[in-house]
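In what follows, chains carry the letters A, B, and so on, assigned in the order in which the sequence lines appear, proteins first and then strands, with residues in each chain numbered from 1.
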Amino acid sequence: MAKRQLLVTAALPYANGPIHLGHLVEYIQTDIWVRFQKLRGHRCLFVCADDTHGTAIMLRAAKEGRSEIELIAETQQEHERDFAGFGIAFDHYGSTNSDENYELCKQFWASLRAAGLIVEREVSQLFDATAGTFLADRFVKGTCPRCKSPDQYGDNCDKCGATYSPADLIDPVSVHSGATPEVRSAPHLFVELEQLHAFLAEWTQSGEHLQTEVANYLKGHFLGEPLRDWDISRPAPYFGFEIPDSPGNYWYVWFDAPIGYIASTWQWCKQHGEDLNDWWKNPETEIHHFIGKDITYFHTLFWPGMLKTAGFTLPTKVHIHGFLNVAGEKMSKSKGTFIKAETYLQHLDPAFLRYYFASKLGPRLDDLDLNMDEFVNKINADLVGKVVNLASRSAKFAARTGLAEKYPDDGGLFKQAAAAGEDIAAAYEHCDYAKAMRLIMELADRANPYVENAQPWVLAKDPARTGELQAICTAALNLFRQLVVYLAPVLPRLAEQCGELLGEKIEHWSQSQEPLLGKSVNAFEHMLARVKKEDVDAMIEDSKEKEACSTSTPEVVGSGAVSGASDPWKDSAEPLQAEPLAETCSIDDFVKVDLRVARVLSAEHVPEARKLLKLTLSLGGDVQKTVFAGIKAAYEPEALVGRLVVCVANLAPRQMKFGLSEGMVTACGPGGAEVYLLSPDSGAKPGQRVH
RNA sequence: GGGCCAGUAGCUCAGUUGGUUAGAGCAGGGGACUCAUAAUCCCUUUGUCGCGGGUUCAAGUCCUGCCUGGCCUACCA
């Protein structure tokens, strides 16, 4: 087989938070692929780095009263510790805040300028004079200019769906300081990506570089119309690199982040006396990016465009995966399913998660689900019961005899499993780890009955039959070792332990093709402990507690912080953080809103609507209102009929696709299935005003 | 509304270019063994292959319409 040269990257984690299990899907997926390629004898370099620039880092550092440099150094240390804990073996882990990255950014920039892709335009943006910074759209809140809903973000209204610029908001407020921002205009630099349209259409649609569903997505959503200019600069103050020919302006974090892939490679090259061009300007080198579906846009349009313009090698493949759900739902801090890497490692063996993810990961970008019962079962049944059991049931005997000189008749098992190697390798190569694990476990399923039939424990009692015993154990341990070679990309620690047991390191895929003979066998030591459900439960419990106390402090915006000392409920600070307090309003402002108790007379599904229920409310007497409420995911219509709710009774009626909505019912919660209607205490009567 | 994916045993899934009687693991039931981490082994129950049409000698597999779920996107709130 021709030796390939591969450069592999995983997405750069942002230096603004800890690694959690969702991140680890990607790093484990990538690490397995890299280990597989190395095991196959290819030259493979795995680089990554912390993504360190941008407004979020700058503001957090300010809030914590320290420098950005200090913050990103500390975060990077934590990230590297967590990755090491899960056996993610980067060849180099850098930072986007490096000299090499700045140097490369300048090169890319010069190329973009030379190609005539950069244009300058004035952009009006809200400016927070208190915090001294321009405000990205999501850092401004205010009242929607169209439907007058309060507390909307600066780019669009999640009540009426209007899109607008933050300057259009009524009574805008900076999320950072609570100050009223002012409109300031500043020159911004844009990349005219449309000039590369033909190239990007060809590159994305060639069928070679992207999963088909991704190619279709891009075709349908972006490439069908002119590509929009990309605003690539941010005015000072901004934590990042200043643009050399545009003083006072900084490259937007998404410009320098992917360049960090190259910068990290360069740092490795410097340390190892290699030439960067051999990796990034060499058509023989394959470049593979592993990313999550949320950053598809950047890696499949901007990034290839930048690489093409600057004369670097384009990615051979961009491998895109889905998100992680836990117990069938999005990870939730309050439910303890938002599990940090660090927390996991306090309770469970990283090998478990590596194997579990491997058994679930396919080549598509479907989301995957971490189901705790399945997790426990898979580890115990597959790894402990099937694979490791082969060694633990035969190694004790074999320690006495050593491995035979000649491989015994095992009914063709070793040969069959060796022949399966190419299928397993192909599954790894195509990122179909679920298939690879399935194939490997099929082999394991055949190995245990062999031992069962051979009854080594009977032979062990008869000294005259030591030769037979040795033969059986030689087969059993070789079948075990063969499985471990196939599993080595997923379970590197198990591969090491197998190497220690049999006195020969596992270093190459080809070791699965020939049995190991004539070696002594060391004393068997436990390789994997069974997973206990209690440990899993404890981890989840721990994730809940951690969250409750860790968020009470500095990040709460505008909190008159409740003292934590006498708070027996330990309510999380998350909801308030997710939606900071609105600007102070006067009593006069408040009385404009006429809240009334209302009884739900009827509630029905609106067949064409995804989120809406149609409610008929009574305000007493014969006053009724029809209201469309976005609570379909949370409530069954039948359950609402007869109950009292609080409605906004003087809201301007609004024509919706499905009819006229004459008010709204009050509810709280993040949305989706988590919506909680307000109810008055018993005794309230429809029509009464809420004061 | 548009795009993509999925729907096969109680659960998780396999099923290659259409080709015998649709499979595996787990769970359930019965038994065996005791080398092994209450591990293992043998036997065993369960299927309108989401639904309806069509192509074909032959459809889980191909085509088409529909239903359900997921993700994305848009619109409307």
Side-chain angles (χ1 to χ4, degrees), chain A residues 144 146-147 149 156-163 211-222 224 293-294 296-297 320 322-323 325 328-330 359-360 362 364-369 371 373-398 423 426 432 434-435 437-439 441-442 444-461 469 472-473 476 480 524-532 606 608-614 627-632 651 653-661 663-664:
Chain A
C144 169
R146 183 160 117 193
C147 73
S149 296
N156 68 75
C157 173
D158 67 14
K159 287 285 181 295
C160 76
T163 56
Q211 288 129 301
T212 52
E213 57 266 49
V214 177
N216 289 339
Y217 162 72
L218 295 173
K219 191 176 174 184
H221 287 100
F222 300 104
K293 64 184 180 184
D294 51 328
T296 298
Y297 185 51
I320 305 179
F323 294 149
N325 290 324
E329 309 181 350
K330 279 187 183 152
S359 78
K360 305 279 278 190
R364 320 214 142 271
L365 43 85
D366 303 323
D367 290 350
L368 61 143
D369 186 39
N371 175 295
D373 292 329
E374 188 190 24
F375 174 85
V376 171
N377 187 265
K378 246 186 212 297
I379 303 306
N380 290 342
D382 293 356
L383 295 184
V384 180
K386 283 177 192 168
V387 177
V388 173
N389 187 46
L390 277 173
S392 78
R393 71 192 310 194
S394 55
K396 192 175 79 182
F397 303 130
D423 282 346
D432 197 349
K435 183 174 183 183
M437 296 308 107
R438 213 162 49 235
L439 291 171
M441 287 311 139
E442 276 175 25
D445 280 334
R446 289 182 219 150
N448 271 305
Y450 165 79
V451 178
E452 199 78 15
N453 293 332
Q455 299 189 308
W457 56 93
V458 174
L459 303 177
K461 289 171 186 154
L469 178 64
I472 304 303
C473 294
F480 167 69
F524 179 79
E525 289 174 30
H526 257 39
M527 295 180 174
L528 270 184
R530 302 175 70 74
V531 196
K532 296 194 293 277
V606 182
E608 317 89 278
R610 263 221 261 162
K611 302 177 185 169
L612 299 178
L613 292 182
K614 180 181 179 181
V627 169
F628 289 90
I631 56 173
K632 183 174 182 164
L651 191 66
R654 174 152 197 88
Q655 185 60 48
M656 295 174 64
K657 191 161 144 191
F658 317 107
L660 188 68
S661 187
M664 62 190 276

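Comparing B/U40, B/A36, B/C72 by their closest approach to the side chain of A/Asn448 singles out B/U40. Comparing B/G25, B/C4, B/C72 by their closest approach to the side chain of A/Tyr217 singles out B/C72. Side chain of A/Ser392, nearest nucleotide from B/A14, B/A36, B/U34: B/A36. Listed nucleotides B/G25, B/C35, B/U37 differ in distance to A/Arg393; the shortest reach to its side chain belongs to B/C35. Candidate nucleotides B/A39, B/C42, B/G25 were compared by shortest atom distance to the side chain of A/Pro449, and B/C42 ranks first. The side chain of A/Lys386 lies closest to B/C26 when the candidates are B/C26, B/U37, B/C35.
In this structure, A/Lys532 atom NZ and B/A39 atom P are separated by 14 Å, rounded to whole Å. The interatomic distance linking A/Leu365 (CG) with B/G70 (P) rounds to 17 Å, in whole Å. If you measure from atom CG of A/Asp366 to atom P of B/C4, you get 14 Å, rounded to the nearest angstrom. In this entry the distance linking CZ of A/Phe628 with P of B/C75 reads 20 Å, nearest Å. One atom, CD of A/Glu442, and another, P of B/G25, lie 9 Å apart when rounded to the nearest Å. We find that CZ of A/Phe375 is positioned 18 Å from C1' of B/C11, with the value rounded to whole Å. One atom, CG of A/Asn377, and another, C1' of B/C13, lie 13 Å apart when rounded to the nearest Å. The CG atom of A/Asp369 sits 15 Å away from the P atom of B/C11 (whole-angstrom rounding).
Atom OG1 of residue A/Thr296 and atom CG of residue A/Leu218 lie 7.0 Å apart, to the nearest 0.5 angstrom. The line from CD1 of A/Ile472 to CG of A/Asn453 is 9.5 Å long, rounded to the nearest 0.5 Å. A/Phe524 contributes atom CZ, which lies 12.5 Å from atom CZ of A/Phe397 (distance to the nearest 0.5 angstrom).
Base pairing of B/G10 is made with B/C26, judged by Watson-Crick or G-U wobble geometry with both donor-acceptor distances under 3.5 Å. For B/G69, the paired base is B/C5 (Watson-Crick or G-U wobble, both distances below 3.5 Å). Under the Watson-Crick and G-U wobble criteria, each requiring two contacts below 3.5 Å, nucleotide B/U46 is left unpaired. Pairing partner, B/C75: none, since no Watson-Crick or wobble contact has both distances short of 3.5 Å. Under the Watson-Crick and G-U wobble criteria, each requiring two contacts below 3.5 Å, nucleotide B/G53 is paired to B/C63.
Checking side-chain atoms of A/Asp366 against main-chain N and O of A/Gly322 turns up no donor-acceptor pair under 3.5 Å. A distance-only check finds no donor-acceptor pair linking the side chain of A/Asn380 to the backbone of A/Arg530 [under 3.5 Å].
The residue A/Phe524 sits apart from the nucleic acid: no heavy atom pair falls under 4.0 Å. Counting any heavy atom pair closer than 4.0 Å across all strands shown, A/Asn371 reaches no nucleic acid atom. If you check every strand for non-hydrogen atoms under 4.0 Å, A/Glu452 touches a base. Within 4.0 Å of A/Val214, counting heavy atoms only, lies no atom of the nucleic acid at all. Within the 4.0 angstrom heavy-atom criterion, base atoms lie near A/Asn389. No contact: A/Met441 has no heavy atom under 4.0 Å from any strand. Among the atoms of the strands shown, none is found under 4.0 Å from any heavy atom of A/Lys219. Contacts of A/Arg364 with the nucleic acid, taken as non-hydrogen atoms under 4.0 Å apart, are absent. Nucleic acid contact class of A/Pro456 (heavy atoms, under 4.0 Å, all strands): none. Counting any heavy atom pair closer than 4.0 Å across all strands shown, A/Lys293 reaches sugar-phosphate atoms only and no base atom. A/Leu528 comes within contact range of at least one nucleobase, with a heavy-atom separation under 4.0 Å.
Heavy-atom neighbours of A/Lys435 NZ from other residues, nucleotides or ligands within 6.0 Å: at or below the threshold of 12.
For the C1' atom pair drawn from B/C26 and B/U20, the interatomic distance equals 29 Å after rounding to whole Å. Atom C1' of B/G65 sits at a distance of 15 Å from the matching atom of B/U55, rounded to the whole Å. Straight-line distance between the P atoms of B/G69 and B/G30: roughly 39 Å, to the nearest whole Å. B/U46 and B/A6 are spaced 30 Å apart, taking the P atom of each and rounding to whole Å. If you take atom P in B/A24 and the same atom in B/U34, they sit 28 Å apart, rounded to whole Å. For the P atoms, the distance from B/G15 to B/G28 is 27 Å, rounded to whole Å. Nucleotides B/U44 and B/G2, compared at atom C1', are 50 Å apart to the nearest Å. Comparing B/U56 with B/U61, their P atoms are spaced 16 Å from each other, to the whole Å.
Residues A/Val387 and A/Met441 form a side-chain contact, since some pair of their non-hydrogen atoms from C-beta on lies under 4.5 Å apart. The side-chain heavy atoms of A/Lys293 and A/Gln211, taken from C-beta on, include no pair separated by under 4.5 Å.
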Q.
I'd like to know whether A/Leu383 forms a side chain to side chain contact (heavy atoms under 4.5 Å, CB included) with A/Met527, so could you lay out the CA-CA distance, the side-chain angles of the two residues, the decisive distance to 0.1 Å, and finally the verdict.
A. CA-CA 10 Å; A/Leu383 295 184; A/Met527 295 180 174; over 6 Å; no
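Both thresholds, 5.5 Å between centres and 30° between ring planes, are not jointly met by A/His221 relative to the base of B/C72, so the two rings are not stacked.
Using a 4.0 Å cut-off, some side-chain N or O of A/Lys396 falls inside it from OP1 or OP2 of B/A36. In terms of phosphate contacts, A/Arg530 brings a side-chain nitrogen or oxygen within less than 4.0 Å of OP1 or OP2 of B/A39.
Residue order along RNA chain B, read from the 5' end via each residue's closest nucleotide, puts A/Lys360 first among A/Asp367 and A/Lys360. Nearest-nucleotide mapping onto RNA chain B: of A/Lys435 and A/Phe397, the residue sitting toward the 5' end is A/Lys435.
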